[in-house]
Structure formats: C-alpha cells, structure tokens
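Read the structure below first, then the notes.
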Number of protein chains: 2
Amino acid sequence: MAADLRRPERTFSIRQLCNEFKATPRALRFYEDKGLLTPAREGLNRVYSHKDRVRLQLILRGKRVGLSLSEIRELLDLYDENDDGAAQMARSLKKFRERASALEQQREDIDGALIELREACDRLEKRLAEIRPDLLPRSADYEQLLRARLDGAEMALGK
Amino acid sequence: MAADLRRPERTFSIRQLCNEFKATPRALRFYEDKGLLTPAREGLNRVYSHKDRVRLQLILRGKRVGLSLSEIRELLDLYDENDDGAAQMARSLKKFRERASALEQQREDIDGALIELREACDRLEKRLAEIRPDLLPRSADYEQLLRARLDGAEMALGK
DNA sequence: GTCAACGCTTACGTAAACGTCAACCTTGAC
DNA sequence: GTCAAGGTTGACGTTTACGTAAGCGTTGAC
C-alpha cells in the first residue's frame with residue numbers, strides 16, 4: 001500500500017516540507033495566505049503535492065535572489081494563468097533582468113558605503129596611532145572577525 | 001546685529017537644516033525623539049546649534065553606510081559621555097570595522113544571488129531562443145536599463 | 001482681518017515576513 | 001483514561017524609520 005515515496009503521487013505534510021527546506025509551518029501558511037501556495041486538504045490538514053513542492057522551491061529561490069513575496073507571486077501566477085509558456089518565460093526573463101540590475105545597483109551602493117567607511121577607519125586609525133597606539137585593535141579584531149564568520153556558517157547550517 | 005552667518009554662534013531652524021541636508025522636519029523630530037539630537041528651544045521652536053548640525057551630519061553619514069539609528073546613537077553617546085577621545089575613537093573604529101565586514105558579507109550574498117539569477121536568465125534565454133526567438137527582449141531591454149539608471153540619477157539629485 | 005507659511009504635539013498608519021501565543025481537535029501509544 | 005505529538009485557525013506583536021493627518025499657535029504680507 002505504501003507507494004514509493006519518490007513517486008509523483010506522493011504527498012507531503014507541512015512538517016515534511018518544512019524539514020526539507022528549512023522553513024517553518026508558519027511561513028508555509030503565510031505563503032498560502034498570500035496566495036503563493038494552495039495545498040489540498042485532508043479534513044483540515046494541508047496536503048502538499050509535488051506541484052506544491054515545486055512551487056515552494058521556486059518561492060524560496062525567489063527569496064534567495066531578493067524578490068519580494070508579491071513579486072514571486074506575480075511570476076508564479078504567470079505560469080498558471082495561461083498555457084503559452086513562451087510569453088511567461090519572456091516576462092520572467094524580464095523580471096529577472098530587472099532584479100539583476102537592481103542588485104548591481106545595490107552592490108554599488110554598498111561599495112560606496114565601504115569607501116566611506118574605510119576612509120573613516122583610516123582617519124581614526126591614524127589619529128589613534130598618534131595619541132594612543134596601544135588602543136589600536138589588532139589581533140583581537142581578527143579573532144572577532146573569525147567569530148563572526150563562524151556564526152555565519154552556523155546560521156547557514158540552520159542554527 | 002545680524003552676525004556673520006558662518007560664525008559658530010549661528011543657529012539654524014529646522015527647515016534650514018532640512019533644506020541643507022535634504023531631510024524632512026519629521027525626520028529631525030524623530031531623531032530627537034530617539035535621543036540623537038537635543039536642539040535648544042526658543043519658546044516651543046527648535047533652535048539648532050553648530051554642534052547639532054555636526055551631529056546631524058554624523059547621523060546622516062551613519063545612515064549612508066547602513067547603520068541603524070540606535071547604532072548611530074551609541075556612537076554619538078560615546079562622544080558625549082566621557083572626555084577621553086581616544087577610547088571613543090577606538091570603539092567607533094571597532095564599530096566601523098564590524099559594519100564594513102557586514103557590508104562585505106552582504107556584497108557576497110548579492111553576488112551569489114546574481115550568479116543564481118544569471119543562470120536562470122541564461123536558461124530562459126536559451127529555451128526562448130529555441131521556441132520563440134522573436135520574444136527575446138534585446139534593445140528594449142537596454143532602453144529600460146538606461147531608464148532605470150536615469151531614474152536613479154534623478155533620485156540622487158533629490159527627485 | 002485674514003490667509004499662507006511655518007512651527008508645535010499627539011498619535012495612528014505603513015510595509016515585510018513572519019514569530020508567538022491562545023485555544024482547540026485528533027490520533028496513537030501506553 | 002490520558003498524555004504527547006502534530007495539526008488547525010485566529011489574531012496580536014515585532015522591527016525600522018519615518019509619513020500623514022488632526023488640531024492648534026504665531027507671525028508676516030497684503
């Protein structure tokens with residue numbers, strides 16, 4: 001009776017998808033609220049199909065590249081509303097390119113901020129070297145940077 | 001009686017500072033609410049000194065590099081709380097370096113997203129080229145990119 | 001005298017993406 | 001029987017940096 005779990009008929013509970021994609025039930029319900037997912041029901045319980053799973057993947061991919069949920073919904077809707085895949089692909093492509101150029105702009109902003117920050121750091125370092133060289137953070141600073149990196153890695157692994 | 005407007009005794013109205021720094025009165029009052037500014041009063045009206053002006057400059061600089069108002073306040077407080085400029089400078093330096101490394105991390109995230117986006121774009125372009133090459137956006141896309149740039153420039157000039 | 005311009009305070013509204021209860025149902029194990 | 005595990009639906013809370021009135025006082029121009 002227990003069909004192959006890899007079969008396309010297979011369904012998923014909310015928890016299973018959450019575990020698989022490191023999401024929370026609250027998030028999936030939220031996406032449903034916003035119209036990005038429409039899982040079937042078994043009584044009250046949500047039952048996710050393979051299609052739903054794919055949509056969820058697309059949602060998370062969209063989030064990773066910085067799209068908002070409403071933008072993601074627009075794209076998702078494109079795939080549903082009509083059968084002409086080509087037109088949808090063209091619009092998706094446009095959206096992606098827009099996002100890419102927005103990200104490039106953001107990167108430039110960051111670079112600008114970094115320049116300003118480094119100038120400020122340089123000034124501070126020089127002044128500090130003049131009046132209180134002993135206060136200049138060095139190895140301690142490096143350690144802390146390492147710690148930050150490790151924290152980041154832990155986060156990436158899901159806490 | 002009208003002293004030199006560049007003299008250090010000179011004071012500023014909220015509007016003058018707003019015009020000079022492209023801010024809104026609401027913003028300055030908000031900063032005051034949050035304890036970042038403490039202008040004098042003339043009756044009810046706020047009167048900003050040169051010191052206040054400098055603080056505002058620092059606030060806006062902090063914002064440009066992505067610091068939150070509370071972080072900015074911490075830094076500002078450092079300069080007030082005690083007379084030992086060196087220790088404050090050391091802490092500011094540390095804060096700035098932290099922010100710089102956070103920004104570098106952000107930039108890496110953006111680069112990652114850009115890679116993912118470009119892969120998606122490439123796939124879409126290839127598929128589209130196969131089935132509906134006429135739908136491939138080209139010069140139109142370039143025009144739009146230009147438009148985005150111009151909009152950005154306008155924004156930078158204050159609309 | 002009255003209208004606009006500027007200032008003030010108080011306070012609710014906004015956007016995004018959920019987190020965090022509360023209160024309840026159901027199913028299986030023991 | 002009852003307890004835990006997992007599901008459900010509201011619905012309010014969180015954060016940030018202000019925007020946007022509402023309602024009122026003051027001052028200067030005409």
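Each chain gets a letter, A, B and so on, in the order the sequences are listed, and its residues count up from 1.
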- prompt: Listed by chain and number, what are the salt bridge (Lys or Arg N to Asp or Glu O under 4.0 Å) partners of B:Arg127, not counting sequence neighbours?
  reply: B:Glu130
field: Counterpart residues, side chain to side chain donor-acceptor pair (under 3.5 Å), relative to B:Arg107 (two or more places apart)
entry: A:Asp111
- prompt: Considering the terminal five base pairs at each end of the helix from C:dG1-D:dC30 to C:dC30-D:dG1, what angle separates the two local helix axes, rounded to 10°?
  reply: 30°
Residues in side chain to side chain contact (heavy atoms under 4.5 Å, CB included) contact with A:Glu116, at least two apart in sequence or another chain: B:Arg61, B:Arg64, B:Val65
query: Once each nucleotide of nucleotides 3-19 of chain C is scored for protein heavy atoms under 4.0 Å, what B/S/- sequence comes out, 5' to 3'?
result: ----SSB-B-----BBB
field: Partner residues of A:Glu42 under the salt bridge (Lys or Arg N to Asp or Glu O under 4.0 Å) criterion, sequence neighbours left out
entry: none
- prompt: Taking only residues two or more places apart in sequence or in another chain, which ones pass side chain to side chain donor-acceptor pair (under 3.5 Å) with A:Glu32?
  reply: A:Arg41, A:Arg46
statement: Separation of C:dT26 atom P from A:Glu42 atom CD, nearest Å, is 15 Å
Give each protein N/O atom lying under 3.5 Å from an N/O atom of nucleotides 24-28 of chain D, with the pair distance.
none

field: Whether A:Asp109 side chain and A:Gln106 backbone form a donor-acceptor pair below 3.5 Å
entry: no
field: Partner residues of A:Glu71 under the side chain to side chain donor-acceptor pair (under 3.5 Å) criterion, sequence neighbours left out
entry: A:Ser68
Extract all donor-acceptor atom pairs below 3.5 Å that involve side chains of residues 117-124 of chain B and protein atoms in other chains or at least two apart in sequence.
from     : atom 1 : to       : atom 2 : distance (Å)
B:Arg118 : NH2    : A:Glu104 : OE2    : 2.4

query: Does B:Arg55 have any salt bridge (Lys or Arg N to Asp or Glu O under 4.0 Å) partners at least two apart in sequence or in another chain, and if so, which?
result: B:Asp80
task: Return the set of residues passing side chain to side chain donor-acceptor pair (under 3.5 Å) with B:Ser13 (not counting sequence neighbours), or none when no residue passes.
output: none
